[in-house]
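Input: a single structure, listed below in structure tokens.
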2 protein chains.
Amino acid sequence: MNLPAELESLVVHFGEMGSRWGFNRTVGQMFAVIVFSEAHLNADQIANLLGISRGNVSMGLKELQSWQLIRVHHKSGDRKDYFKPAGDIWELALQVLSERRKREVEPTLSILRGQLMNESSNDNFVSVKVEEIHNLLELFNSWFDDIHRMKPESLMTLLKLGSGVGKVLDLKHRISKKDVSQ
Amino acid sequence: MNLPAELESLVVHFGEMGSRWGFNRTVGQMFAVIVFSEAHLNADQIANLLGISRGNVSMGLKELQSWQLIRVHHKSGDRKDYFKPAGDIWELALQVLSERRKREVEPTLSILRGQLMNESSNDNFVSVKVEEIHNLLELFNSWFDDIHRMKPESLMTLLKLGSGVGKVLDLKHRISKKDVSQ
DNA sequence: TCGTGTTTTCAGAAATTTCTGAAAATTATA
DNA sequence: TATAATTTTCAGAAATTTCTGAAAACACGA
């Protein structure tokens, strides 16, 4: 690795975490180097900085693009592709969550829907569990859809409030009968 | 695999998803077979049902216990250990999220804290990014802590409400100056 | 069209992860 | 304490994932 010392430990760490976040070590390192570099980088620079092959960089960039975490940028008079993060830290975090939901819950949800469709009886143990899991995932899914559409600042307020929301809900019940959930 | 047909496809799927959920294929299958079996199972039964070695089952059970997703149960007059899910579907889901936070965000958070501690200047590009990520993860972390302590039914209400919470918050601002967030 | 700079692909190599099964360790019973 | 039942460990084998680098494909200007 040919990285400035200050970056090396960060990049190594993001590599180690990479697999936990849904991609592999090299892709994690590539993402880190793109996020922490002020200048946009081209594939050769990334290969040099991380000391990996050009082919590997090409594959990694494709992966990061499929996650919509990076974007191409062109410099005039330069035929190379330069890469930059696809938004600020907040947008990147939401994007990771969004992609992970797609890859981690959608497939299970469609299997479970299938099971519920073509099962004869639905009062046996397995069916009951299938339905419980299905309902939980559907609920989570629509909640995520919903909050994903919120403006960042509203979302931030919500996060800061945390379980305090429970108290606000109580307040709502005390002072109003009107249903505000729609 | 020596599974009833109805279970086979579910178990295979949970195996495929396993790695995305933080463990490996076999561990995912083991978890599925434990969750979808009404009777508590012992290690030999699991090995037989899934067609894998006894040693592998032992390692997988240890993994699932480290995630606090299964618990041991003893039958009187039987020296074997029997395993059962460590709660209902709702509790299991929260437990998965909780463990994943521990494994996926805590380590990064402590690296970032370290960076912020011993860096000389803090107005360069890297420092700014480090701080942004740090703040986001801290915020997420305390939010999660917070809602994790809520009663399931309150949590469910919150999920169902989704971004409707935003409307409730507006309502709060319109009708009250009192800070209910503490 | 050709030539040059660039990116992508992919077969095989390398690295990593997972799995087996026999031996060791543990635990309960008599 | 000895025996038997059970679980755990772990070295090596098997399976899977990741990486390399050369060749192919692509894109643009002349």
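Proteins come first, then strands; the chains are lettered A, B, ... in the order of their sequence lines, and each starts at number 1. Values reported hereafter were calculated over all heavy atoms of this structure, with side chains retained and with hydrogens, waters and symmetry mates removed.
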How long is the line joining [atom1] of [X] and [atom2] of [N], in whole Å?
X	N	atom1	atom2	answer
A:Ile52	C:dA14	CD1	C1'	15 Å
A:Asp81	C:dG5	CG	C1'	12 Å
A:His74	D:dA27	NE2	C1'	10 Å

Checklist line | Test: B:Arg101 and B:Asp145 ion pair at under 4.0 Å | finding: yes

Check: Taking DNA chain D as the partner, which of residues 13-48 of chain B come within under 4.0 angstrom of it by heavy atom?
Finding: B:Arg25

Margin query: Counting C-beta onward and ignoring hydrogens, is there a side-chain heavy-atom pair between A:Val11 and A:Leu49 closer than 4.5 Å?
Written below: no

Check: Do the non-hydrogen side-chain atoms of B:Val96 and B:Leu92 ever get within less than 4.5 Å of each other?
Finding: no

Notebook entry, point to check: Hey, can you pull the residues of residues 56-71 of chain B with a non-hydrogen atom under 4.0 angstrom from DNA chain C?
Noted result: B:Asn56, B:Met59

Distances under 3.5 Å only, N/O to N/O: pair up the protein atoms with those of nucleotides 22-30 of chain C.
| unit_1 | atom_1 | unit_2 | atom_2 | d |
| --- | --- | --- | --- | --- |
| C:dT27 | O2 | B:Arg79 | NH2 | 3.0 |

Next item on the list: Sort and list the pairs that fulfil ring-ring contact (aromatic ring centres under 6.0 Å, His included) and have at least one residue in residues 79-115 of chain A, not counting sequence neighbours.
Entry: none

Next item on the list: List for me each residue that meets ring pair (Phe, Tyr, Trp, His ring centres under 6.0 Å) alongside B:Phe125, sequence neighbours excluded, and say none if there are none.
Entry: none

Check: With under 30° as parallel and over 60° as perpendicular, where do the rings of B:Trp143 and B:Phe140 fit, or are they tilted in between?
Finding: tilted

Extract all donor-acceptor atom pairs below 3.5 Å that involve side chains of residues 29-40 of chain A and protein atoms in other chains or at least two apart in sequence.
| unit_1 | atom_1 | unit_2 | atom_2 | d |
| --- | --- | --- | --- | --- |
| A:Ser37 | OG | A:Val33 | O | 2.6 |
| A:His40 | ND1 | A:His73 | ND1 | 3.3 |

Notebook entry, point to check: D:dT20, D:dT7, C:dT20: which one has an atom nearest the side-chain heavy atoms of B:Lys80?
Noted result: D:dT7

Next item on the list: Could you tell me whether a side-chain N or O of A:Glu131 sits under 3.5 Å from a main-chain N or O of A:Val128, the two making a donor and an acceptor?
Entry: no

Next item on the list: Decide whether a cation-pi geometry holds between A:Arg100 and A:Trp67; the criteria are a distance under 6.0 Å from NZ or CZ to the six-membered ring centre and an angle within 45° of the ring axis.
Entry: no

Item checked: B:Ser127 and B:Asn124 side chains, donor-acceptor separation under 3.5 Å -> yes

